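Below you'll find the structure, written out as structure tokens, and then a few comments.
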2 protein chains.
Amino acid sequence: MGHDSAGTDGASRRIPEATVARLPIYYRALVDVADRDVTTVSSDRLAELAGVNAAKVRKDLSYLGTYGTRGVGYDVKQLLAEISRDLGLTHDWAVAIVGLGHLGQALADYRGFGARGFRVAALFDADPAKIGRQVGGLEVSPAASIRAVASERGVRIGIIATPPHVAQAVADDLVAAGVSSILNFAPALLSVPGGVSLRKVDLAVELQILAFYQSRRSVPAAGG
Amino acid sequence: MGHDSAGTDGASRRIPEATVARLPIYYRALVDVADRDVTTVSSDRLAELAGVNAAKVRKDLSYLGTYGTRGVGYDVKQLLAEISRDLGLTHDWAVAIVGLGHLGQALADYRGFGARGFRVAALFDADPAKIGRQVGGLEVSPAASIRAVASERGVRIGIIATPPHVAQAVADDLVAAGVSSILNFAPALLSVPGGVSLRKVDLAVELQILAFYQSRRSVPAAGG
DNA sequence: AGGAGCTTGTGCATTCGATCACGAAGTCGG
DNA sequence: CCGACTTCGTGATCGAATGCACAAGCTCCT
């Protein structure tokens, strides 16, 4: 998916992209079992909770290191700590959200972030009517101030929830402010300098993928 | 990811899952170029617009059939029509959205849907304060009426944007109402009967994946 | 009409991810 | 202390997906 795998001396082990995408799922499942005061969990059980294959769980976790005990399973707390560390959730990342339409507000209010190592540190919008308003306990700043405000607040991760035609300009501003990871919800193709991670989520795309399988299922009866 | 590839006599060619996931991206790019009155597009250009490899574009499109002209490229209108047909966007799918928190409202107002073969036909929420209110020109119905209302309105695609603890119950109701494709935004693992497609989007997961690469990049300086 | 120049369609090699199957390593009961 | 049992870790295998390279086929110019 492009995450320029900059061969940065790779320090420890290199974790496959597919595995990285599953770590947050294991993480969530582990938080759930930890809440129920369960102390150990087997790969079988974890697989069930995460909706994947048990062998896959074991292989995925083996990339992080050897944290399981044969005959017993994984220590929930220890594994949770390890995944947190690997996902960087111990860092308290400062996040900026640009574009406070419905989606941006949904993200700003999202409870899950705070609990998972993310802190919404800045909100931006171009609409004068929105600037100065409080959303999720934080004041909305003008989009023109992204470079100044985001860099001042140490923002490292930017979320773009703007209309597509301004998304590239916003991305440029974010990068200029020192942001090095961008999550893009705008239906636009962004280009960023090397060294900046970029992920895209497109709600309409997900729906269209569903529609494809849907229309394959229902017999395409004649007559539109 | 599990779209039970029910060997339903698959009529035409079988299209690889990875290709299906890219079709909506090509679709969007094609809509853009069509708006600029361009009549033909090369695989190279389309690849650039979609952010992928040109050979991949050609191979992907070849699964749909032979719609390109060597030496020229693809006829934009024809290709658009073909992808629309394959994605089932010519069907005007009735969509129900359950849960009208910020995210649900964002989806209800999403302009892209109408233009792409989807019609929001029903809105549901369990909160009495929200029931009866108009959102995006449609009245919010009580969650208890999902089975009756959704089936009456011919809903085939359901979007779940509720808190996780009610997501499974909502999914059950949707399935009972005849919905056979579900897009789940709730951070919960759903189980649905065979024959029902299920896709999951988790905003926190996407962010955590970014955080992983982020924390790999920035040197983990000592002293947290 | 014929050849130069593009661009598609696709066989092939390679890389990546999923799954199986089994040895290694631990616990527990007697 | 030992053997039965459980569960992890991982080599090996298989299949999907990617990307290359090139033949096939179309257009346009001369």
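Excluded from the calculations below are hydrogen atoms, water molecules and symmetry mates; all remaining heavy atoms, backbone and side chain alike, are included. Remember, it's a predicted structure, so these values are computed and weren't measured experimentally. Every chain is numbered from 1 and lettered A, B, ... according to where its sequence line falls, protein lines coming before strand lines.
Using a 4.0 Å cut-off, no side-chain N or O of S43(A) falls inside it from OP1 or OP2 of dT7(D). Contact annotation: N53(A) reaches the phosphate of dC20(C) (side-chain N/O to OP1 or OP2, under 4.0 Å). Applying the 4.0 Å criterion to OP1 and OP2 of dG9(C), one finds that Y74(B) has a side-chain N or O inside that range. Contact check, K56(A) against dT19(C): a side-chain N or O comes under 4.0 Å of OP1 or OP2.
By the 4.5 Å heavy-atom criterion applied to side chains, V52(B) and L46(B) are not counted as neighbours. For the pair P187(B)/R28(A), a side-chain contact is recorded, criterion being any heavy-atom separation below 4.5 Å from C-beta on. Proximity of Y27(A) to S84(A): side-chain heavy atoms (C-beta onward) are separated by under 4.5 Å at one or more points.
In this structure, a donor-acceptor pair under 3.5 Å is absent between the side chains of Q78(A) and Y67(A). Side chains of Q214(A) and S180(B): a donor-acceptor N/O pair is present below 3.5 angstrom, by distance only.
For T69(A) and R22(A), each mapped to the nucleotide of DNA chain C holding its nearest heavy atom, the one lying further toward the 5' end belongs to R22(A). Residue V41(B) is the one, among V41(B) and G71(A), whose nearest nucleotide of DNA chain C lies closer to the 5' end (criterion: closest heavy atom).
Whole-Å rounding puts the D60(B) CG to dA16(D) P distance at 16 Å. Between L79(B) atom CG and dT7(C) atom P there is a gap of 16 Å when expressed in whole angstrom units. Nucleotide dA25(C) holds its P atom 19 Å from the OH atom of Y67(A), rounded to whole Å. Between the CD1 atom of I15(A) and the C1' atom of dG17(C) there is a distance of 15 Å, given to the nearest Å. Atoms CG (D75(B)) and C1' (dT7(C)) sit 15 Å apart, rounded to a whole Å. Rounded to an integer number of Å, the gap from L46(A) CG to dG9(D) C1' is 15 Å. R58(B) places its CZ atom 12 Å from the P atom of dA21(D), with the value rounded to the nearest Å.
For K59(B), taking side-chain heavy atoms from C-beta onward, the closest of the listed nucleotides dC20(C), dG11(C), dA12(D) is dG11(C). Listed nucleotides dT7(D), dT27(C), dA21(C) differ in distance to S42(A); the shortest reach to its side chain belongs to dT7(D).
Evaluation of atom-type donor-acceptor distances gives no pair under 3.5 Å for the side chain of R70(B) against the base of dT7(C).
Y63(B) comes within contact range of no nucleotide atom at all, as no heavy-atom separation falls under 4.0 Å. Heavy atoms of T19(A) sit nowhere under 4.0 angstrom from any nucleic acid atom. Across all strands shown, A18(A) has heavy atoms under 4.0 Å from sugar-phosphate atoms exclusively, and none from any base. Residue contacts shown for R45(B) are absent, as no nucleic acid heavy atom lies under 4.0 Å away.
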